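Data block below; observations after.
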Amino acid sequence: KKSIFLMLILSIITLGLYHTFWYSKKVDELYNLGTQKKLSRTLTIVPLIINIFLICLLIIFPLTITIDPAKLYNNITPLQSGILFAISICLILKWFFLTLLAFQAKAIINEALKNKESHSEVSGFFTLIFNVYYLQYEINKILDDKEETPKTGPWAVIISILLIIISVFIFNVI
C-alpha cells in the first residue's frame with residue numbers, strides 16, 4: 001500500500017522517472033497474483049531509457065541558447081529545432097509506453113479481481129487519465145478489501161481539476 005500523494009511528489013522530484021520504477025517494482029507483485037496475463041519486465045525498461053534520454057535533452061537544450069531567451073522564438077537554430085523535435089518524440093513515446101504498461105497492469109488486476117470473484121473492475125477511463133496513480137489507488141482498495149466501494153477518489157480529482165479550470169477561465173474573462 002502506497003500513498004498517492006507521496007507517489008505524486010516522488011514523480012515530480014525524479015522528473016518522471018518514478019513511474020518507470022513503479023512498474024519495475026510491480027512486475028513481481030503482479031506476477032505473484034497467479035494470473036495468466038503478465039507484465040513484461042523488458043517493457044518496463046523502455047520508458048526508463050526514454051525518460052533518461054529526455055532528461056539529457058532537457059539539460060542540453062538550455063546550453064544551446066546563446067541569445068536572449070525572449071528572442072529565441074524568432075532565432076531558433078537547426079540544432080535547437082532538432083532537440084525540440086527529439087524532446088517531442090520522447091514525450092510521445094514515453095506516454096505511449098506508460099499507457100501500454102498501465103493497460104497491461106489493468107488487465108492483470110482485473111483478472112485477479114475476477115479470480116477473487118469480485119464484481120469490481122479497474123476502469124479504463126481512469127487508467128488512461130491517471131495511469132500509475134489510479135492503479136495504485138485500486139491496489140490500495142484491494143489491499144483494504146474495499147474493491148467493491150465506489151471510485152470516489154478519481155472522480156473527486158477530476159471534478160477539482162475541472163472546477164479549477166473553470167474558475168481560471170471565469171476570472172481571466174472578467
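What you see is a predicted model; the values in this text were computed from it and never measured.
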Practice prompt. Kindly compute the distance separating CD1 (Ile83) from SG (Cys56), expressed to the nearest 0.5 Å.
Written response: 11.5 Å

Item to complete: Test side chain to side chain contact (heavy atoms under 4.5 Å, CB included) on Ile76 and Leu84 and set out the steps.
Response: CA-CA 10 Å; Ile76 196 160; Leu84 291 173; 3.3 Å; yes

Discussion item. If I compare all heavy atoms of Ser120 with all of Leu113, which pair ends up nearest, and what's the gap?
Written reply: O-CD1, 3.8 Å

Can you give the donor-acceptor pairs under 3.5 Å from side chains of residues 41-50 to other protein atoms, not counting sequence neighbours?
{"from": "Arg41", "atom 1": "NH2", "to": "Asp28", "atom 2": "OD1", "distance (Å)": "2.4"}
{"from": "Thr44", "atom 1": "OG1", "to": "Arg41", "atom 2": "O", "distance (Å)": "2.5"}

Discussion item. Please check: side-chain N/O of Lys106 versus main-chain N/O of Gly124, any donor-acceptor pairing under 3.5 Å?
Written reply: no

Discussion item. Between Tyr137 and Val132, is the side chain to side chain contact (heavy atoms under 4.5 Å, CB included) condition met? List the steps.
Written reply: CA-CA 8 Å; Tyr137 168 81; Val132 295; over 6 Å; no

Discussion item. Before you tell me yes or no, could you show the steps for Leu57 and Phe53 under side chain to side chain contact (heavy atoms under 4.5 Å, CB included), namely the whole-Å CA-CA distance, both residues' side-chain angles and the distance that decides it to 0.1 Å?
Written reply: CA-CA 6 Å; Leu57 289 170; Phe53 186 63; 3.6 Å; yes

Worksheet item: Hey, what do you get for CG (Asn131) to CG (Leu101), rounding to the nearest 0.5 Å?
Response: 8.0 Å

Worksheet item: With distance as the sole test, does Asn110 use its side chain to make a donor-acceptor pair with the main-chain N or O of Glu121 at under 3.5 Å?
Response: no

Response to the item:
So CD of Gln104 and CD1 of Ile109: to nearest 0.5 Å the spacing works out to 12.0 Å

Worksheet item: Just checking, is any N or O donor in the side chain of Asn51 or Lys94 under 3.5 Å from an acceptor N or O on the other one?
Response: yes

Discussion item. When you measure from the side chain of Gln80 to the backbone of Phe61, do you find a donor-acceptor pair of N or O atoms at a distance under 3.5 Å?
Written reply: no

Fill in: ILVMFWY cluster, Ile87 and Ile92 together (side-chain gap under 4.5 Å)
no

Response to the item:
Sequence neighbours excluded, the answer for side-chain hydrogen bond (donor to acceptor under 3.5 Å, both in side chains) partners of Glu147 is Lys116

Worksheet item: Is there a path of hydrophobic side-chain contacts, each under 4.5 Å between heavy atoms of I, L, V, M, F, W or Y residues, that connects Phe96 with Leu17?
Response: no

Fill in: Contacts of Glu111 that satisfy side-chain hydrogen bond (donor to acceptor under 3.5 Å, both in side chains) - sequence neighbours left out
none

Worksheet, complete the sentence: So CG of Leu15 and CG of Leu58: to nearest 0.5 Å the spacing works out to 8.0 Å

Worksheet item: Which residues pass the side-chain hydrogen bond (donor to acceptor under 3.5 Å, both in side chains) test with Lys151, sequence neighbours left out?
Response: Glu138

Discussion item. Please give me the minimum heavy-atom distance between Lys141 and Pro150, naming the atom from each residue.
Written reply: NZ-O, 3.7 Å

Practice prompt. First locate atom CD1 of Ile55, then atom CD1 of Ile60, and finally report the distance between them rounded to the nearest 0.5 Å.
Written response: 12.0 Å

Worksheet item: According to a 4.5 Å side-chain heavy-atom criterion applied to Ile, Leu, Val, Met, Phe, Trp and Tyr, with indirect links allowed, do Phe97 and Trp95 form part of one hydrophobic cluster?
Response: yes

Discussion item. Tell me whether Ser160 contacts the main-chain N or O of Ala156 through its side chain, where contact means a donor paired with an acceptor under 3.5 Å.
Written reply: yes

Discussion item. Between Lys1 and Asp144, does the side chain to side chain contact (heavy atoms under 4.5 Å, CB included) criterion hold? Intermediate values first, please.
Written reply: CA-CA 9 Å; Lys1 194 169 173 181; Asp144 289 340; 2.6 Å; yes

Fill in: Closest heavy-atom pair and its distance - Pro62, Ile59
CD-O, 3.3 Å

Worksheet item: Does Tyr23 share a hydrophobic cluster with Leu100, counting links as ILVMFWY side-chain heavy atoms below 4.5 Å and allowing steps through other members?
Response: yes

Worksheet item: Apart from Ile13 itself, what residues make up its hydrophobic cluster when side-chain heavy atoms of I, L, V, M, F, W and Y under 4.5 Å apart count as a link, directly or indirectly?
Response: Phe5, Ile9

Practice prompt. Indicate whether the side chain of Glu148 and that of Ser118 have a donor and an acceptor atom separated by less than 3.5 Å.
Written response: yes

Worksheet item: Which heavy atom of Leu30 sits nearest a heavy atom of Thr35, and at what distance?
Response: O-OG1, 4.2 Å

Practice prompt. Without swapping roles, check the side chain of Lys146 against the backbone of Leu143 for a donor-acceptor pair under 3.5 Å.
Written response: no

Practice prompt. Heavy atoms only: give me the nearest Asn115-Gly34 pair and the separation to one decimal.
Written response: ND2-O, 4.3 Å

Worksheet item: How many angstroms lie between CD1 in Ile129 and CD1 in Ile158, if you round to the nearest 0.5 Å?
Response: 6.0 Å

Item to complete: Establish whether Leu128 and Leu98 are linked, either directly or via other cluster members, by ILVMFWY side-chain heavy-atom contacts under 4.5 Å.
Response: yes

Fill in: Residue pairs involving residues 107-133 (criterion ring-ring contact (aromatic ring centres under 6.0 Å, His included); sequence neighbours excluded)
His19-Tyr133, Phe126-Tyr134, Phe126-Trp155

Fill in: Check: Leu8 main-chain N/O paired with Tyr18 side-chain donor or acceptor under 3.5 Å
no

Worksheet entry | Heavy atoms from other residues, nucleotides or ligands near NZ of Lys38 exceed 12 (cutoff 6.0 Å) | yes

Fill in: Exam field: side chain Asn140 to backbone Lys2, donor-acceptor pair closer than 3.5 Å
yes

